[in-house]
Amino acid sequence: AGGQHVNKTESAVRVTHLPSGIVVSIQETRSQLQNRQRAMNVLRARLYEAKLKQIQAERRSVRLAQIGTGDRNERIRTYNFPQNRVTDHRINMTIHGVEQVLA
């Protein structure tokens, strides 16, 4: 559809989701009902995408809190095979003889 008819019809639709503030504007077809239906579909897809991102962010933060960084202060024991020693970082004790500890 083109020409002057595009300028004369008032079939554009703007849908606003008040809780999230997402705004969708559609002016594709001559029919206002079809434009409204398309705007609702786009809005539904955007809301789904936003909810999915929120859930993924929550899962990511929980996962990172459980995993930790692996820094020295989080380690429980260090097994140093070349120097034949085991260090327990919780009680700050070093034992020589890795084979005896593992046996």
(request) Using modelled atom types only, decide if a donor and an acceptor are shared between the side chain of Asn35 and the backbone of Val13 within a distance under 3.5 Å. (result)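 No, the answer is negative, given that no donor and acceptor are paired below the 3.5 Å cut-off.
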(request) Give a yes or no answer on whether the side chain of Asp88 reaches the backbone of Arg77 with a donor-acceptor pair at less than 3.5 Å. (result)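 No.
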(request) Spell out, yes or no, whether Tyr48 and Leu18 are grouped together once hydrophobic residues are joined by side-chain heavy atoms under 4.5 Å, including indirect joins. (result)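 No, no single cluster joins them.
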What is the distance from atom [atom1] of [X] to atom [atom2] of [Y], rounded to the nearest 0.5 Å?
X: Gln100; Y: Asn84; atom1: CD; atom2: CG; value: 8.0 Å
X: Arg59; Y: Leu64; atom1: CZ; atom2: CG; value: 14.0 Å
X: Arg38; Y: Gln27; atom1: CZ; atom2: CD; value: 12.5 Å
X: Arg60; Y: Ile55; atom1: CZ; atom2: CD1; value: 12.5 Å
X: Arg63; Y: Gln66; atom1: CZ; atom2: CD; value: 9.0 Å
X: Arg36; Y: Thr29; atom1: CZ; atom2: OG1; value: 11.5 Å

Nearest non-hydrogen partners of [X] and [Y], listed with the distance:
X: Ser61; Y: Glu58; answer: OG-O, 2.8 Å
X: Arg85; Y: Val98; answer: N-CG2, 3.3 Å
X: Met93; Y: Ile95; answer: CE-CD1, 3.4 Å
X: Arg30; Y: Ser11; answer: O-CB, 3.1 Å
X: Leu47; Y: Ser20; answer: CD2-OG, 3.6 Å

(message) Whether the Arg44 and Asn41 side chains hold a donor-acceptor pair (N or O, under 3.5 Å, no angle test) is what I'd like checked.
(response)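 Side chains of Arg44 and Asn41: pair found under 3.5 Å.
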(message) Run Leu43 and Ile22 through side-chain contact (heavy atoms from CB on, under 4.5 Å) and show every step you take.
(response) CA-CA 8 Å; Leu43 180 64; Ile22 297 177; 3.8 Å; yes
(request) May I ask you to check whether over 12 heavy atoms, not counting those of Gln56, lie within 6.0 Å of atom CD? (result)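 Enclosed.
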